[in-house]
Amino acid sequence: MTELYAFSVCLALGIGGRLLYLAATALARRTDLMPVTVVLDALTVMLIGGGFTAYVILSGVSLAPYMFAALMGGYYLTYRLTRKN
């Protein structure tokens with residue numbers, strides 16, 4: 001059951017990462033300043049990476065490849081649903 005929880009959390013982090021990236025991109029486009037874009041992208045990476053790291057450390061699960069696959073799968077799924085044609 002722990003693996004199922006880890007998979008679910010990583011999938012949710014991937015989805016949250018894409019949605020956070022979309023929000024940061026909209027805000028950066030609105031300000032139209034390069035430093036704002038760089039800071040928002042760095043904050044997005046730190047929040048998602050920090051959340052992933054905190055989950056692994058605090059839950060005590062062993063790091064497994066399916067966690068990275070779920071993280072990227074959640075991001076990719078959301079990317080496919082939110083992309084512009």
Check: [Y] and [X] side chains under 4.5 Å, non-hydrogen atoms:
| X | Y | result |
| --- | --- | --- |
| Leu81 | Arg18 | no |
| Tyr55 | Tyr5 | yes |
| Tyr66 | Leu71 | no |
| Phe7 | Glu3 | no |

What's the shortest heavy-atom distance between [X] and [Y], and which atoms?
| X | Y | value |
| --- | --- | --- |
| Thr37 | Ala28 | OG1-CB, 3.4 Å |
| Met67 | Ser62 | SD-O, 3.8 Å |
| Ala24 | Leu40 | O-CD1, 3.5 Å |
| Leu47 | Leu20 | CD1-CD2, 3.8 Å |

Would you compute the distance between atom [atom1] of [X] and atom [atom2] of [Y] and round it to the nearest 0.5 angstrom?
| X | Y | atom1 | atom2 | value |
| --- | --- | --- | --- | --- |
| Leu77 | Leu11 | CG | CG | 7.0 Å |
| Thr82 | Tyr21 | OG1 | OH | 10.5 Å |
| Leu13 | Ile48 | CG | CD1 | 5.5 Å |

If Ile, Leu, Val, Met, Phe, Trp and Tyr residues are connected whenever their side-chain heavy atoms lie under 4.5 Å apart, and connections chain through other members, are [X] and [Y] in the same group?
| X | Y | value |
| --- | --- | --- |
| Val38 | Val36 | no |
| Phe68 | Leu4 | yes |
| Tyr79 | Ile15 | no |
| Val9 | Leu58 | no |

Does OH in Tyr75 sit with more than 12 non-hydrogen atoms of other residues, nucleotides or ligands closer than 6.0 Å?
yes
